[in-house]
Protein chains: 2
Amino acid sequence: MTQARERGRPRGFDSEAALDRAVEVFWRHGYEGASLSDLTDAMGINRPSMYAAYGNKEELFKRAIARYAEADMAYAREALAAPTAYQVIERFLRANADALTRADRPHGCLSIQGGLAAGSDGGTVAGFLAASRLAGEAALVARLARAVDEGDLPAGTDPAALGRYVMVVSEGNAVHAAAGVGRDALHTTVDIALAAVPRRPGDTTTPA
Amino acid sequence: MTQARERGRPRGFDSEAALDRAVEVFWRHGYEGASLSDLTDAMGINRPSMYAAYGNKEELFKRAIARYAEADMAYAREALAAPTAYQVIERFLRANADALTRADRPHGCLSIQGGLAAGSDGGTVAGFLAASRLAGEAALVARLARAVDEGDLPAGTDPAALGRYVMVVSEGNAVHAAAGVGRDALHTTVDIALAAVPRRPGDTTTPA
DNA sequence: TCATTTCTGTACCGATCGGTACTGATGTGG
DNA sequence: CCACATCAGTACCGATCGGTACAGAAATGA
């Protein structure tokens, strides 16, 4: 895949690795709270290098979000592959609770604490994050709709409502995790939340 | 209650009314995103008046949170007065869904979008808000513990876990509301969430 | 009337914000 | 070796940040 060597002086840093550092800074301080000095210090590069590589702060943030979605949210895509709707939901909420409380990462969810309120800008960043979260919700809803078609969920089940409920639980857990609530407590919340998820009559996997 | 007139020049603005304007600015832009110019413009006063009356930005924010908790979260205290645990939870989540989507207020919850991540400061504001939210959770948990004692909830019920679950749902709904999701959708989520709440055997109020 | 007290308003402070001009270093192709 | 292209680093830009000094206005008590 390594095509012909570029012409001028080669870049002195790994663009993806630097992005990982930026993810962590945005995650910990939010979009507004993360200054360019914070970012470039953590990334190990100086300002002009950052601007040359990513454009500006907002573009860097979008790239960071994309990397976050790809790396730190991989569990969500994996959960969607579970055989039954109940297992999709359970695996998602369990893996989410773990991801929200990793020791080597900030607690909580970058997509939420990156920026909820409309900051100094006109809410561009908050809107971008909201759209990103709702896209994830749409993917889950699509999976649940398929489950209804397959008879895996009761006929009357509203996949949009159920998917939204699951995302609400995950977001609420993210807020709790950001407040310092521990992993066990999040899983206990998942225990209760799962009681509201309809199951196929014969399904008795992992009873509460 | 109006004690002896103060000595010097009287204050030219209503301190509580100005605080209400500050609440709205913090709510809409978050703590960091709300600049002093935003705040003083909305409050209709100038900078030195603000500093004389409230101390500094952080103290103003804490006063705004206190006013928010008293005025905009009154529904939570009212819900705690409901006769049964189920009704406490249902009234809280219903009123919460309405409060998160008031037409005359920013959508969402100030306690959350005020600041989730540790911003430029060392997370002082985020920690303050987190403590404030957890205090509300503790009040709900205390009410649910009483319900267990009264036989209003099944004997084995963990009031801390159930209270946390309810707060998680309300926080998740707040994140959704901040993203622009409408009131009806929030209530549909509450419909599902209530299915996980244990009820006393004979209780059949407001079935789903 | 006048000193005293408190508030209002302007004008300003140093620090930091996001962003960039410019010089020099380091690579490639000829 | 040389022209060219790209990156690294310093040093800087105007704007805005939270916070304040200071002078004048408006009340009180004597």
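Note on naming: letters A, B, ... go to the chains in the order of the sequence lines (proteins, then strands), and numbering restarts at 1 for each one.
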To the nearest angstrom, the CZ-C1' distance between B:Arg7 and C:dT6 comes to 9 Å
* Should the pair B:Arg133-B:Glu137 be classified as a salt bridge under the 4.0 Å nitrogen-to-oxygen rule? -> no
In whole angstroms, the gap separating P of D:dA25 from CG of B:Asn46 amounts to 15 Å
Protein and nucleotides 16-20 of chain D: nitrogen or oxygen contacts under 3.5 angstrom:
unit_1 : atom_1 : unit_2  : atom_2 : d
D:dC17 : OP1    : B:Ser35 : OG     : 3.4
D:dG18 : OP1    : B:Ala34 : O      : 3.4
D:dG18 : OP1    : B:Lys57 : NZ     : 2.7
D:dG18 : OP2    : B:Leu36 : N      : 2.8
D:dG18 : N7     : B:Arg47 : NH1    : 3.1
D:dG19 : OP2    : B:Tyr51 : OH     : 2.6
D:dG19 : OP2    : B:Lys57 : N      : 3.2
D:dG19 : O5'    : B:Tyr51 : OH     : 2.9
D:dG19 : N7     : B:Arg47 : NH1    : 3.3
D:dG19 : O6     : B:Arg47 : NH1    : 3.4

query = Which of parallel (below 30°), tilted (30 to 60°) and perpendicular (above 60°) describes B:Phe26 and B:Tyr31?
reply = parallel
### Sidechain N-carboxylate O distance under 4.0 Å for A:Glu78, A:Arg91
no
Heavy-atom nearest pair, B:Pro198 first then B:Tyr86, reads O-CD1, 4.4 Å
From CZ of B:Phe13 across to P of C:dG9 the rounded distance in Å is 10 Å
Taken to the nearest whole Å, CZ/B:Arg9 to P/D:dA27 is 7 Å
Worksheet item: Does a side-chain N-to-carboxylate-O contact under 4.0 Å join A:Arg21 and A:Asp38?
Response: no
Between A:Glu24 and A:Arg28, is there a side-chain N and carboxylate O pair less than 4.0 Å apart?
yes
